[in-house]
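Below: the structure, in structure tokens.
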Amino acid sequence: MDWFAQLGNKTLSGLAGLGRASSLLFSALVARPQPVKMFPLLMKQLYVVGVQSLLIVIVSGAFIGMVLALQAYTVLVDYGAEESLGPMVALSLLRELGPVVTALLFAGRAGSALTAEIGLMKATEQLSSLEMMAVDPMRRVIAPRLWAGLISMPLLALIFSAVGILGGQVVGVDWLGVDAGSYWSVMQSAVEFNKDVLNGVIKSIVFAFVVTWIAVFKGYDCIPTSEGMGQATTQTVVYSSLAVLGLDFVLTALMFGN
Amino acid sequence: MEDLITIENMSFSRGSKRLYDSISLQIPKGKTTAIMGPSGIGKTTLLKLIGGQLHPDSGDIRFKGESIPSMKRNRLFQVRRQMSMLFQSGALFTDMSVFDNVAFALREHSDLPERLIHILVMMKLQAVGLRGAAQMMPSQLSGGMARRAALARAIALDPELIMYDEPFAGQDPISMGVLVKLIKALNDALNLTSIVVTHDVKEVMSIADYVYILADKKVIGQGTPDQIREHESELVQQFLGGKADGPVPFHYPANSLEQDLLEAN
Amino acid sequence: MTSRKTEIMVGLFVSLAVAALLILALKVANAGITGNGETYELKAKFDNIGGLKVRSPIKLGGVVIGRVGKISLDNENYTPVVTLEISAEYKGFPETTSVSILTSGLLGEQYVGLQPGFSIDGVEPLEPGDYIPDTKSALVLEDLIGQFLFNRD
């Protein structure tokens with residue numbers, strides 16, 4: 001009986017959380033948008049969320065591209081199929097690793113920072129104080145951060161993939177000696193813009209939405225103590241990573257699964 | 001005397017814990033009203049109820065005769081421009097300089113040119129004695145300075161009502177003296193209505209026109225500072241005198257001592 | 001409120017992303033023959049299409065000139081109909097052109113090979129939507145082995 005009661009309790013509190021998260025999303029994005037006033041705030045958040053994640057994304061992208069090329073080469077060379085290195089690297093990056101790894105890095109780098117920042121604003125009564133100054137914190141604090149996340153992550157994913165493919169070229173062509181012409185031309189004949197590049201972008205837009213939403217909500221909903229905030233940042237990273245990996249499977253099945 | 005805020009038979013509970021049981025208060029216009037009581041009885045909650053951030057379970061809170069809990073969101077935001085609140089922590093926006101903090105509400109709610117905003121902000125900062133700290137960031141300020149900067153921000157829009165949440169808590173004697181002087185001076189100069197929530201008896205008795213003492217979900221005493229000093233309630237006297245034991249027991253409710261000590265066996 | 005440096009950095013960030021998109025679109029995906037350009041359709045009936053799939057390449061002398069658009073079954077005589085989407089650059093194949101389903105390498109993917117026929121007077125060029133009459137089906141390994149065993153008996 002206890003077990004059922006616990007399950008019921010968990011379900012109810014989960015649903016209540018989902019309800020609060022949805023109403024946050026609604027009031028931040030849908031209700032009364034004010035693009036002119038939001039623009040400078042959005043700029044600032046794009047800088048914090050996007051530009052400051054750039055370094056980690058570029059470095060990771062380059063290394064992942066290089067490792068992919070190295071691993072794929074050792075397998076492909078046994079079948080005399082080194083020229084398939086290009087499509088192997090490009091398709092892995094565009095379809096999977098670009099969007100997914102960027103989303104995971106983003107959750108760790110920007111997501112946790114967003115949660116901590118909003119949580120701290122709540123703990124130091126800055127959110128209450130905004131409300132008492134007749135300024136809606138949804139509009140002022142939440143909305144620009146949501147938009148910044150939503151815009152930044154697809155851009156970061158594109159950069160990640162492009163850097164990764166260049167990294168693959170460095171290892172595959174310059175180091176392992178695959179013919180540069182066949183690296184690019186076989187890649188070109190295998191990669192399709194609509195199917196591979198655009199689907200990757202769509203994936204990362206979905207991930208951006210989910211990760212930023214979780215991060216912002218966890219910050220806004222956290223218990224304003226140091227313990228509560230620690231918990232909230234951990235939850236942001238864990239929940240967003242799980243959500244990204246789960247959604248990735250669903251999206252992949254929808255897009256490439258026929 | 002006209003009342004700016006009237007609270008009538010208001011009850012409020014947080015979770016299963018009841019904080020207020022049908023209390024009634026009047027805050028007279030143009031006066032300083034102190035609300036005192038032991039820690040943990042939800043004095044900050046009372047200010048948030050007045051500000052419309054929380055909703056009472058029953059009863060009514062009226063601002064100039066208009067019910068706050070039943071206001072629509074837009075109207076509530078309009079009304080809030082006439083009130084401001086000084087939070088216990090100051091609640092300065094940590095990503096802006098002191099100047100931008102004070103200018104925040106002006107920029108947000110008016111279309112004044114930047115030149116005029118500069119003059120207004122400097123005047124407010126002059127009033128709290130922090131004109132020299134305009135370009136500092138909140139993290140560089142001491143606790144007392146942060147609270148004065150927050151005070152400058154609170155009066156930026158020339159509100160009719162200021163609510164002070166524990167303005168003296170954790171201040172050294174000098175800062176405390178400065179804050180007491182500032183609150184009194186601002187109140188007299190701007191003809192403000194002030195609500196001071198605190199448990200620093202001595203300081204607040206010197207500036208308050210009227211005092212409410214809350215304990216055990218109720219108003220246990222009210223009157224002018226002189227009336228309060230003469231109050232016959234034991235609870236009020238315990239609070240004013242700061243005695244360790246009395247109607248508010250030293251011991252948190254517990255089993256008998258013998259029972260708890262023997263439990264180990 | 002936003003400093004100039006922030007704006008410049010955000011501008012750089014966005015242009016970097018646009019550059020990445022351009023690299024991906026032009027250098028990696030080669031937007032030329034990806035279905036973005038103009039195409040026209042030809043159709044062909046096969047007895048057996050083997051492992052041919054939608055989006056398999058169509059090659060002429062090794063050059064990719066289009067992709068398989070649709071694979072369906074003719075309702076009257078139950079033969080597979082393959083719709084070929086060919087880039088509009090390559091037009092006017094004569095009606096003597098033949099198509100076959102080929103395999104790249106021993107184990108590779110299957111693709112459609114186009115073999116242009118002769119064109120003399122009286123041979124019309126293929127118009128969009130026409131059926132290519134001359135088709136060679138995919139080689140199915142099991143059938144081949146079966147034939148081989150049968151012929152030996």
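Reminder, nothing fancy here: chain letters follow the sequence lines and each chain counts from 1. Remember, predicted model here, so these are calculated numbers, not experimental data.
Closest of all the heavy-atom pairs between B/Ala91 and A/Glu125 is CB-O, 3.5 Å. Between B/Phe93 and A/Gln126, the shortest heavy-atom contact is CA-OE1, 3.3 Å.
Only the backbone of B/Leu92 comes within less than 4.5 Å of a heavy atom in chain A; its side chain stays farther off. Using a 4.5 Å cut-off between heavy atoms, B/Met163 touches chain A through its side chain atoms alone.
When the shell of 6.0 Å around CH2 of A/Trp147 is examined, it contains 12 or fewer heavy atoms from other residues, nucleotides or ligands. For B/Glu114, the CD atom sits in a packed shell: over 12 heavy atoms of surrounding residues, nucleotides or ligands are nearer than 6.0 Å. By the neighbour-count criterion of 12 heavy atoms within 6.0 Å, atom CZ of A/Arg109 is densely surrounded, having more than that number from other residues, nucleotides or ligands.
Residues of residues 136-161 of chain B lying under 4.5 angstrom from chain A, judged on non-hydrogen atoms, are B/Arg153 by number. Along residues 45-63 of chain B, the residues that come nearer than 4.5 angstrom to chain A, judged on non-hydrogen atoms, are B/Lys48, B/Gly51, B/Gln53 in order of number.
With a 4.5 Å cut-off on side-chain heavy atoms, B/Phe104 and A/Arg140 count as touching. For the pair B/Thr94/A/Met121, no side-chain contact is recorded, criterion being any heavy-atom separation below 4.5 Å from C-beta on.
Proximity of a side-chain donor or acceptor of B/Arg81 to a complementary backbone N or O of A/Ala134 within less than 3.5 Å is not detected.
A/Met133 contributes atom CE, which lies 8.0 Å from atom OG of B/Ser84 (distance to the nearest 0.5 angstrom).
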